[in-house]
Peer 1: 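Can you read through this structure? Questions will come right after.
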There are 2 protein chains.
Amino acid sequence: MVHTSSDQEAMLDTVTNPIPLTRDRSATERRIFEAARSLLAEAGFQGFGVNAIARRAGCDKQLIYRYYGGMDGLIDAIGEDLSSWVEAHVPDDPGGRFILTYGDLIERLLELYMRALREDHLMRRVIAWEISESTPQVRRVAEARARGLSAWIEKMRGSLTPPKGVDAIATNAALMGAAQQIVLSAIMNGFACGIPVKTEKDWAKLEAAVCRLAHNAYI
Amino acid sequence: MVHTSSDQEAMLDTVTNPIPLTRDRSATERRIFEAARSLLAEAGFQGFGVNAIARRAGCDKQLIYRYYGGMDGLIDAIGEDLSSWVEAHVPDDPGGRFILTYGDLIERLLELYMRALREDHLMRRVIAWEISESTPQVRRVAEARARGLSAWIEKMRGSLTPPKGVDAIATNAALMGAAQQIVLSAIMNGFACGIPVKTEKDWAKLEAAVCRLAHNAYI
DNA sequence: TAATTGCCTCACCGTCTGGTGACAATTGTT
DNA sequence: AACAATTGTCACCAGACGGTGAGGCAATTA
């Protein structure tokens with residue numbers, strides 16, 4: 001391997017900017033933050049470390065320690081930023097569809113959630129991280145994400161209530177889990193629990209199946 | 001850290017067996033294989049490498065290259081072994097329960113699958129691996145696992161057929177995905193999609209929710 | 001102009017990793 | 001007994017990692 005993308009970025013920074021990149025602390029902090037986010041999104045939590053981030057940000061790794069107190073602080077910053085992911089990435093209009101019942105709502109939310117998850121590399125990596133490691137950092141990130149998610153559902157719920165006799169909390173967790181697992185494994189290696197997911201038609205089938213589960217769960 | 005478990009194992013091998021461990025190739029191969037399995041189960045695919053495995057097996061890493069052709073061959077061996085995991089770990093009797101419909105069957109299979117997954121560290125690690133990396137090795141492992149899974153479902157199905165108008169393939173994938181995601185994230189950090197899963201009662205609620213999804217999906 | 005402050009880079013440390021070539025020790029065969 | 005083949009160990013390599021102390025450079029203040 002001769003040219004990694006980080007090499008190219010570093011070259012770009014130093015070649016097109018012979019002026020040594022105006023000394024601006026907050027700008028450098030942002031560069032580090034964005035480098036970390038994009039690296040995590042592209043490469044996953046394996047190989048997610050100080051050296052790689054500094055390379056990509058085009059600065060010295062020392063700055064990561066100085067500005068964020070090391071990887072821990074940086075991860076926390078990313079996690080905190082992710083707590084508002086749902087509101088930022090999922091549209092909150094019903095999309096020209098009638099939402100009359102609690103089931104309609106969950107059905108619609110699942111559809112939107114799957115779509116958003118398909119587009120967002122970073123979020124998928126974070127979810128994969130959560131079920132692969134159990135360090136305090138990743139637990140904090142998971143907690144922030146969960147906070148955002150349930151606040152979002154609560155906001156969207158409005159005055160709608162689930163039918164009696166249904167454990168809505170557990171049911172929604174199961175449905176969300178289904179959506180996550182399908183999207184993650186389908187995108188990572190083209191299969192979801194043994195069935196191939198390549199074409200848009202395959203995706204539509206799975207989306208429909210998940211929505212149908214929600215629909216039937218809430219009568 | 002003074003004593004890792006691998007150190008203890010190595011000591012055990014050399015202390016209790018002052019005779020230098022009879023030169024037996026097939027036994028050594030098995031030791032390596034078991035060391036790899038247990039390491040993967042305990043520590044996950046991070047830190048799953050030649051050095052750690054050799055340490056745990058109490059032999060030189062060179063033997064991994066000689067006998068398995070390196071990590072690739074070893075991983076393939078583990079994957080092949082995993083293709084028969086379901087039959088080996090999930091009881092195939094209905095458990096004193098009446099299985100009359102296709103829905104009954106899937107409901108029961110999901111329950112068994114969740115229970116088995118809760119007990120099996122290795123399988124959970126492999127599933128987490130599958131959605132975290134996309135190397136040829138892990139793809140082969142995933143493929144072997146999927147093969148075993150669908151063959152198992154097919155075997156259990158017998159003459160039962162899903163009701164008309166239901167995409168059983170996609171629905172089952174969604175249900176299996178829900179089960180997997182819930183078990184993995186609950187065990188890894190005590191939360192499943194934002195809700196805490198600590199007590200056996202929490203588990204029962206989620207199990208019930210998943211089974212209920214299956215029940216309602218197949219009318 | 002001189003000194004202080006803040007921003008940043010450099011060089012280095014110890015440790016671990018995957019990988020390989022050379023060698024020792026045991027076994028089986030002639 | 002002498003040999004060859006198998007089995008296992010050891011030492012070493014280059015490269016990456018996280019982490020840190022010292023010092024260079026630029027802007028502000030004295």
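Computation of the quantities below employed the complete heavy-atom set of this structure, encompassing side-chain atoms and omitting hydrogens, waters and symmetry-equivalent molecules. Per chain, numbering begins at 1; letters A, B, ... match sequence-line order.
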Peer 1: Inspect the contact between R56(B) and E42(B) and indicate whether a charged nitrogen and a carboxylate oxygen are less than 4.0 angstrom apart.
Peer 2: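 Salt bridge between E42(B) and R56(B), a charged N being under 4.0 Å from a carboxylate O: yes.
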
Peer 1: Between T28(B) and dG8(D), does any side-chain N or O lie under 4.0 Å from OP1 or OP2?
Peer 2: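 Looking at the OP1 and OP2 atoms of dG8(D), one of them is under 4.0 Å from a side-chain N or O of T28(B).
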
Peer 1: Taking NZ, NE, NH1 and NH2 as the nitrogens, is one of them in R30(B) or E34(B) under 4.0 Å from a carboxylate oxygen of the other?
Peer 2: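 No, R30(B) and E34(B) are not salt-bridged.
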
Peer 1: Sequence neighbours left out, what passes side-chain hydrogen bond (donor to acceptor under 3.5 Å, both in side chains) with E87(B)? Give chain and number order.
Peer 2: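 In terms of side-chain hydrogen bond (donor to acceptor under 3.5 Å, both in side chains), with neighbours along the sequence ignored, E87(B) is linked to no residue.
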
Peer 1: OP1, OP2 of dG8(D) versus side-chain N and O of R23(B): anything below 4.0 Å?
Peer 2: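 Negative; the distance criterion is not met.
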
Peer 1: Start at the 5' end of DNA chain D and walk down; is the nucleotide closest to Q62(A) or to F48(A) reached first?
Peer 2: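 Whichever sits nearer the 5' end wins; that is F48(A).
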
Peer 1: Holding to side-chain contact (heavy atoms from CB on, under 4.5 Å), I want the full list of residues that pass it with N51(A), two or more places apart in sequence or in another chain.
Peer 2: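 Residues passing side-chain contact (heavy atoms from CB on, under 4.5 Å) with N51(A): R55(A), K61(A).
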
Peer 1: For the pair R37(B) and D81(B), find out whether any cationic side-chain nitrogen is under 4.0 Å from an anionic carboxylate oxygen.
Peer 2: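 Yes, charged N to carboxylate O under 4.0 Å.
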
Peer 1: Does Y65(A) have any ring pair (Phe, Tyr, Trp, His ring centres under 6.0 Å) partners at least two apart in sequence or in another chain, and if so, which?
Peer 2: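 Partners of Y65(A) under the ring pair (Phe, Tyr, Trp, His ring centres under 6.0 Å) test: none.
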
Peer 1: Under 4.0 Å between a side-chain N or O of Y67(A) and OP1 or OP2 of dC8(C)?
Peer 2: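 Yes.
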
Peer 1: Enumerate donor-acceptor pairs with a distance under 3.5 Å from any side-chain N or O in residues 137-153 of chain B to protein atoms, sequence neighbours excluded.
Peer 2:
from	atom 1	to	atom 2	distance (Å)
Q137(B)	OE1	R140(B)	NH2	2.9
Q137(B)	NE2	D72(B)	OD2	3.3
R139(B)	NH2	S134(B)	O	2.5
R140(B)	NE	D76(B)	OD1	2.9
R140(B)	NE	D76(B)	OD2	3.1
R140(B)	NH2	D76(B)	OD2	3.2
R145(B)	NE	E130(B)	OE2	2.7
R145(B)	NH2	E130(B)	OE1	3.1
S150(B)	OG	A146(B)	O	3.0
S150(B)	OG	R147(B)	O	3.3

Peer 1: Tell me whether the rings of Y113(B) and W85(B) are parallel (<30°), tilted (30 to 60°) or perpendicular (>60°).
Peer 2: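 Y113(B) and W85(B): perpendicular rings.
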
Peer 1: Please list each protein N or O that sits under 3.5 Å from an N or O in nucleotides 28-30 of chain C, with the distance.
Peer 2:
none

Peer 1: For nucleotides 12-17 of chain D, which of its nitrogen or oxygen atoms have a protein nitrogen or oxygen under 3.5 Å away, and what is each distance?
Peer 2:
from	atom 1	to	atom 2	distance (Å)
dC17(D)	OP2	R55(A)	NH1	3.4

